[in-house]
Amino acid sequence: MGALIDLFVSFFKIGAFSFGGGYAMLPMIQEEVIEVHRWITMAEYIDILAIAEMTPGPIAINSATFLGYKVAGIAGSAVATLGVILPSFIVMSFIFHFIFRFKSSPYVDWILKGIRSVVLGLIAVAAFNVAISTFVDIQSVLIAIVLFYLVAFRNFNPIYAIILAGVMGVVLF
Amino acid sequence: MLLSLFMTFFKIGAFTFGGGYAMIPIIQREIVENKKLIKDEEFLDAIALAQASPGPVAVNTSIYVGYRINGFLGAIACTLGTVLPSFITILVVAIYFYRFRSLAVIDKIFAGIRPAIVALILAAVYKMWTKTKRTWAILGASLAAVIAVMFLGISPIWVVTSGAVLSVVYHRFFAAPQKEREH
């Protein structure tokens, strides 16, 4: 029971205090599970990152599920995953209700206009960050160009695009 | 409705490889273009607010989109849908492949998928850009956001906050007060 509470509190903290999602959450996860609680070693942590890369879903959820299982079995993985999602749920609920309640206020309209104008830039930065670590050879650039063309100009379904990319990976590498 | 939301987000969750941004093109396709459950601008709001809030961006986006489509229960259905594929896969890996050994063929598949994620995200940006109302102010703000985050290392939270504050200041004090004039 103590282990379950520790897991929940740790992952609640990770969910509540890491901003920016994805890899921006890693330092916080590292501190909690390796330095504070010593649940795993650095080598095991790198294993988890490799698994997270190869399985679907947000990296924070993947880490919570894996760590939870390792520390306290299936109950542990459920508790840790719930812990990491709960802060998101609470914060997003507040934001949604705030926006809905003051929908008719011009201020809400202005705030939304302001954030909409920067968000495409932010998404593009996220794409560039992934590009820096993935465009390592000519094949990967080729795959990206072909798929950009198909999805942006030929209205190709993104899910089929991911499957096609996997096939191209096997053929080209 | 709830079941169909859950199924749609389950599909989205199952194909979100390489971090939360990978789900942007899939949500855009399924929820905005095909089912037309929310508008492009509302989806942009969801992403911006998700980035400015703590926690995984994919989960935050699903929660907001869920609320927008079907209230509290919608938010629960979308969150469960997004999280379950990840939860189930990791649990299976943790139980059966405790010491994870990667296979050559899996490495190759992922060597193909990783650059594809970049292409998909940029394609979604391109599509949304062609559909939103384009003004010099918005182009300037987007470029400023790119420079701030990429070259100055400023956190996206501050970029989103400054965007909101600048827009309020501009509309409150500098834009022509059209509504008052109409009356």
Side-chain angles (χ1 to χ4, degrees), chain A residues 15-22 47 51 54-58 60-62 65-66 69 77 81 85 87-89 91-92 95-96 107 110-127 130-131 134 140 143-144 147-148 151-152 158-159 161-162 165-166 168-170 173, chain B residues 14-17 19-21 25-26 29 44-45 47-49 53-60 63-64 67 83 85-87 89-90 93-94 100 108-123 125-126 129 138 141-142 145-146 149-150 156-157 159-160 163-164 167-168 171:
Chain A
F17 294 109
S18 52
F19 286 86
D47 272 1
I51 295 167
M54 298 201 171
T55 48
I61 307 284
N62 291 339
T65 310
F66 198 92
Y69 181 79
S77 62
T81 308
I85 298 172
S88 290
F89 213 91
V91 172
M92 293 311 286
I95 291 179
F96 182 79
Y107 283 91
W110 296 337
I111 289 172
L112 290 177
K113 271 192 181 135
I115 60 177
R116 263 175 223 155
S117 60
V118 296
V119 69
L120 284 181
L122 291 180
I123 302 170
V125 172
V130 184
T134 51
S140 45
I143 290 173
L147 290 181
F148 180 83
V151 176
I159 291 179
I162 289 177
M168 286 174 85
V170 174
F173 286 100
Chain B
F15 282 91
T16 303
F17 290 97
Y21 291 97
I26 310 180
R29 172 80 171 206
L44 285 182
D45 294 348
I47 299 167
L49 294 168
S53 308
V57 173
V59 175
N60 292 345
I63 295 170
Y64 189 88
Y67 265 117
V83 171
S86 162
F87 185 77
T89 318
I90 292 289
V93 170
F100 192 75
K108 285 180 183 174
I109 291 174
F110 281 92
I113 288 180
R114 270 179 233 122
I117 299 299
V118 177
L120 292 187
I121 298 171
L122 289 179
V125 169
Y126 170 79
W129 173 251
I138 292 178
S142 292
V146 170
V149 177
M150 241 170 60
I157 311 161
V159 175
V160 171
S167 168
V168 168
H171 286 97

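Fair warning: this is a prediction, and the values are worked out from it, not measured in the lab. Below, chain A is the first sequence line, B the second, and so on; all start at residue 1.
Between the side chain of B/S142 and the main chain of A/S117, a donor-acceptor pair closer than 3.5 Å is present. Between the B/S167 side chain and the A/W110 main chain, a donor and an acceptor come within less than 3.5 Å of each other.
Of the atoms belonging to A/I162, heavy atoms from both backbone and side chain fall under 4.5 Å from chain B. Residue B/I63 touches chain A through its side chain alone, counting heavy-atom pairs closer than 4.5 Å. With a threshold of 4.5 angstrom between heavy atoms, B/A14 approaches chain A through N, CA, C or O but not through any side-chain atom. Using a 4.5 Å cut-off between heavy atoms, B/I26 contacts chain A through both its backbone and its side chain. Both the backbone and the side chain of B/F87 come within less than 4.5 Å of a heavy atom in chain A. At a 4.5 Å heavy-atom cutoff, the contact between B/Y126 and chain A is made by side-chain atoms alone. Proximity to chain B is limited to the side chain of A/V91, based on heavy atoms less than 4.5 angstrom apart. At a 4.5 Å heavy-atom cutoff, the contact between A/A131 and chain B is made by backbone and side-chain atoms alike. For B/R29, the part lying near chain A is the side chain, with the backbone staying farther off; criterion is any non-hydrogen pair under 4.5 Å. Contacts between A/T81 and chain B at a heavy-atom distance below 4.5 Å involve the side chain alone, from C-beta outward.
Ranking A/A161, A/A124, A/S140 against chain B, the residue ahead of the rest is A/S140, based on heavy-atom pairs under 4.5 Å. Considering only heavy-atom pairs separated by less than 4.5 Å from chain B, the leading option among A/I85, A/L122, A/I61 is A/L122. Annotation: maximal heavy-atom pairing with chain A below 4.5 Å, among B/S86, B/A141, B/P85, occurs at B/S86. Counting heavy-atom pairs closer than 4.5 Å to chain B, the top-ranked of the candidates A/Y107, A/F17, A/F89 is A/F89. Contact count against chain A (heavy-atom pairs under 4.5 Å) is highest for B/G112 among B/G112, B/A116, B/A48. Contact count against chain B (heavy-atom pairs under 4.5 Å) is highest for A/P56 among A/P56, A/G15, A/G114.
Here the closest non-hydrogen pair linking A/P58 and B/V59 is CG-CG2, 4.1 Å. The minimum heavy-atom distance linking A/I143 with A/G169 is given by the pair CD1-N, 4.3 Å. For the residue pair A/N62 and A/G57, the shortest heavy atom distance occurs at ND2-O, 3.4 Å.
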Verdict with reasoning, B/N60 to B/L49, per side chain to side chain contact (heavy atoms under 4.5 Å, CB included): CA-CA 8 Å; B/N60 292 345; B/L49 294 168; over 6 Å; no

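Just one of B/V146, B/L44, B/I138 meets the side chain to side chain contact (heavy atoms under 4.5 Å, CB included) condition when paired with A/L120; it is B/L44.
Side-chain contact check for A/V151 versus B/P25: every heavy-atom pair is 4.5 Å or farther apart.
Between the CD1 atom of A/I111 and the CG atom of B/D45 there is a distance of 11.0 Å, given to the nearest 0.5 Å. Summarising the geometry, atom CD1 belonging to B/I117 is positioned 10.0 Å from atom CZ belonging to B/R114; distances are rounded to the nearest 0.5 Å.
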